[in-house]
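Worth saying up front: this structure is predicted, and the values here are computed from it rather than measured. Residue numbering restarts at 1 for every chain, and letters A, B, ... go by the order of the sequence lines. Just so you know, these numbers use all the heavy atoms, side chains as well, and skip hydrogens, waters and symmetry mates.
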2 protein chains.
Amino acid sequence: MSEESSVGSGGVAELFQLLRDGVPRTRAQLAKATGLARSTVAARVEELMRLGLVSPVADAASTGGRPSSQFALNPGGRVMGAVDLGASHATVALIDLTGAILVKSTEPLDVASGPEPVLTRVVAALTSLLERTGRSESDLAAIGMGVPGPVQHSTGQPVNPPIMPGWDRFDVPGWMLQHLSAPALVDNDVNLMALGERAVAWNGAEHLMFVKVATGVGAGVISGGRLLRGAQGVAGDLGHVRVARGADVPCHCGSRGCLEALASGPAIARVLRAQGIPADGGDDVIDLVKHNNLEAIQAVRQAGRDIGEVLTTSVSLLNPSVIAIGGSMARVGEHLIAGVREVVYTRSMPLATERLAIVHSAAAEDAAVIGAGILALQHALAPETLHRIVTA
Amino acid sequence: MSEESSVGSGGVAELFQLLRDGVPRTRAQLAKATGLARSTVAARVEELMRLGLVSPVADAASTGGRPSSQFALNPGGRVMGAVDLGASHATVALIDLTGAILVKSTEPLDVASGPEPVLTRVVAALTSLLERTGRSESDLAAIGMGVPGPVQHSTGQPVNPPIMPGWDRFDVPGWMLQHLSAPALVDNDVNLMALGERAVAWNGAEHLMFVKVATGVGAGVISGGRLLRGAQGVAGDLGHVRVARGADVPCHCGSRGCLEALASGPAIARVLRAQGIPADGGDDVIDLVKHNNLEAIQAVRQAGRDIGEVLTTSVSLLNPSVIAIGGSMARVGEHLIAGVREVVYTRSMPLATERLAIVHSAAAEDAAVIGAGILALQHALAPETLHRIVTA
C-alpha cells in the first residue's frame, strides 16, 4: 500500500524516549507502555540496537543459554564529537550518550587560516581521540561545533563571520560528512556556551543568558528552555548595541558607541593607555587588576556598567532567571560583574529582577565544548533524527 | 501489571496529529501509519470521538447499512472561547478547531472593578455566544484569555498587574473552571497580539515582535516559533526601559526616562500641552496628526525614534524577521513607524536588518482575541492535553 513508507518508523522515537531512563525493559513491557504492536516493538528494538543506541541487558531471571529478553540505553555504545573553535584555538572532545566528557584535547589553531585547513586539523584531532579511546569512526553518532561568528543554524553555514575569512557560507556539515561520515551541527560559540553553562551549573534553568566578554562582547540566550537563534542566526549579537555614554567612541564596525568599543578587553586596554598606563590588550588589563591597579579596576567597573546598560534592556525583554558572565575578561574577578549588577538591579523593574542571579560562569573555558557536545547529543537523540535514520 | 496506567493513552496524540489534516482514514490505515496495534487504534478512535475531536465520515465505498469505517477531524465539533480583556473593554469570541472566528462581541468593561465582577460578565458573554450559535457549555474545549498585565503563564495568575487592582495572584483558571467547566489559559494581552498577528498576516513566521503603543508600551515576542514568557512572565515588558534622551522625564513607575514616559499616547499629549497645544491623551494626538498639525506630527515621529532606540537592542538580541506595530497609537499612520524605522535601520548591524520588515499590525483590534483563540486551540490540541484527558 502507498502508506508503506511511513510504516517503517512508527513508534521508534516513543520507544527510545522510554528507554533513555536506563531502566531495562522487555519487549512485552515496551509494547504495553507504548500501545505498539508486539511485532512493531521487536522490529524497532532491532533497529535501535543496530544503531548502537540500545543494547540487551543481562537478565537476572534468565536460566541456561536463553538470550537476554531485556533492553536498555547503551550509554557507551556511541559517542558525540564536540568541537570549540576559537579565534586562535580548537578544543575537541568526545562525550557519551549521557552527556559526560570522555576525553578532551586543545591545540592552538588560527581560525583565519580558512575552513579546509582548520577542519582538516579538527578531523585529525577527533580521529586521534577516537583511537585513544579504542573506538572507530562509525561510533561517532553526531558532531557539535561552535565557531566564533554568526551561523545559519539550519544549514550550519557561517554567515559573514568578521574574524573568519573564507568561511562565509562554507558548507561545514557537508565537508565534515565527507571526512567523518557523521552529521555535524554548527552554531555560534556563545550559543553553545549558554547550553554548556546550563548543563554544568543550572540544570533545568529555562531562562538563562550567557554573556561572553573577551575580544568582543556577545550573548547566548536560552528562553523557554531553548536557544534563541533568530531569523539570520545572529540573535544575541549585543556587541554593536549603542551605549549612550560612548557616542563619540569609534568601533571597528564603522559605527560609534558600540558596546564592544567600550567594554571589550581591547577597549578597556585602550582606556588605560589613554591614561598613560601600558596595556596591550585584555590580558594586561587582567594583570593590572590582579595587582590592584586603581585605574584598571575603575575601567573594568565602568565596562561592567556599560554591559549592564545593555543587559537592562535584555532583562526587560527576556526576563531571565540567570545571567552568567564568561569569556576571558571574566577572569578579572568581581569588579566587572559588580558594575553589571549595579546597573541592572538599579534600573530594572522589581518583578524582573526579584529572582535574577547575575553570576560568573561556572563552566568557564569548557562552556563551549560542553555545549557543542549537548548540541550533538540533542540531534542524535531527537525523535526526528531517530525517525529519519530508521527509515533511511 | 504496574504499567497498566500508562497503557491507556499510548498513541492517542500520534493518531490525532495524523487526523488533523482533515483527510479521512480507516482504522487499518491508522494502524499502519502509526505502528499501533489494531485494538489500540480502535480504542483511541472511540476516545477521540467521545471528546468531539474526531467524527465518522460518510464512506463513499460503503454499501447498504454498514456503519462508516473512515474517520477525520471534526472541525465543528467543539469550540474555543477567546477573551481579550482591556483596561476598559472585553471582547469575547468563539473559534472552531481550524482557528476561524465563528462569532464575536465587544462590550465596555472596567478591568479595575476586580476579577469576580469582570469574570462574571465574561462568563455571561461566552454563554450568550454559545446560545446564539446553538451550542452548549460542554462544546467548549478550552478558553484563552488575554489580560492587560503580567501573568504567570503556568498558573494563569496575574502578577502585580499595575492597572488591575484586586487581580494580583487571583486564580483565573480555577474560577473559570468552576463557572464554565473548561480549562482557561491566561496570558498577557500583548503576547496574544503577537500570536494573533502572526496568524493573520505572517503565517509560519518564526521570529516576530508585536509592539503595542497605547496608554502604555509593551511587546510580545515570538522567537523560534514560540512565545517568550520569561521566568516571571514579564518578558517583553519594554515600557520601563530607559531612553537616554529622556533622563529627566519622570515616569509613573517612580523612575525616570522610561520609554513609556516618552512615547505612549499620554506622554505625546503631554509634550504637546507643554507647547500650548490642547491634547488630553492619545486620541487627541491622533486627531491632531490627522489634521496635519505639525507639532503633533513631530512629536509622534520623535516617539517613534524613542521606540526605535529600544527596538534596536531588541533586534540585536532577538534577530526577528518582523516587527509589527499595533495598539491604539498605531492609528496615527506612517509618522510613528517612520521614526521607528529611521532609528532601527540606521543603528542595527546590516545582517540583522537585511530582511527585517517593520510594519503596521494587520490584525489591528482583533489581534488579541484571535491570539486568545489560538492559545486555547494550542492547549486543546496539544499531545499532553490529549494524553491527559484520555487517561483521566
Option that, when pairs with chain B are counted at under 4.5 Å, heavy atom only, ranks first among Glu206(A), Arg347(A), Arg229(A), Arg226(A): Arg226(A)
Highest number of heavy-atom pairs under 4.5 Å with chain B: which of Ala219(A), Ala37(A), Gly230(A)? Gly230(A)
Side chain / backbone / both / neither for [X] at chain A, heavy atoms under 4.5 Å:
X: Ser255(B); value: neither
X: Val234(B); value: both
X: Asn160(B); value: side chain
X: Val159(B); value: both
X: Pro150(B); value: side chain
X: Gln232(B); value: both

Interatomic distance, Thr313(B) atom OG1 to Leu238(A) atom CG [nearest 0.5 angstrom]: 8.0 Å
Going from CG on Asp237(B) to CG on Leu318(A), what distance comes out if it is rounded to the nearest 0.5 angstrom? 12.0 Å
List the atom of Leu228(A), the atom of Ser223(B), and the distance in Å for their closest heavy-atom pair. CD2-OG, 3.4 Å
Can you tell which part of Glu354(A) gets under 4.5 Å to a heavy atom of chain B, answering side chain, backbone, both or neither? side chain
Do other residues, nucleotides or ligands put more than 12 heavy atoms under 6.0 Å from the CZ atom of Arg355(B)? no
How about residues 240-250 of chain B versus chain A: which residues have heavy atoms under 4.5 Å apart? His240(B), Val241(B), Arg242(B), Ala244(B)
Among [options], which residue has the highest count of heavy-atom pairs closer than 4.5 Å to chain A?
options: Ala235(B), Pro350(B), Gly233(B); value: Ala235(B)
options: Pro320(B), Ser314(B), Gly257(B); value: Ser314(B)
options: Ala43(B), Gly236(B), Gly224(B), Ser321(B); value: Gly236(B)

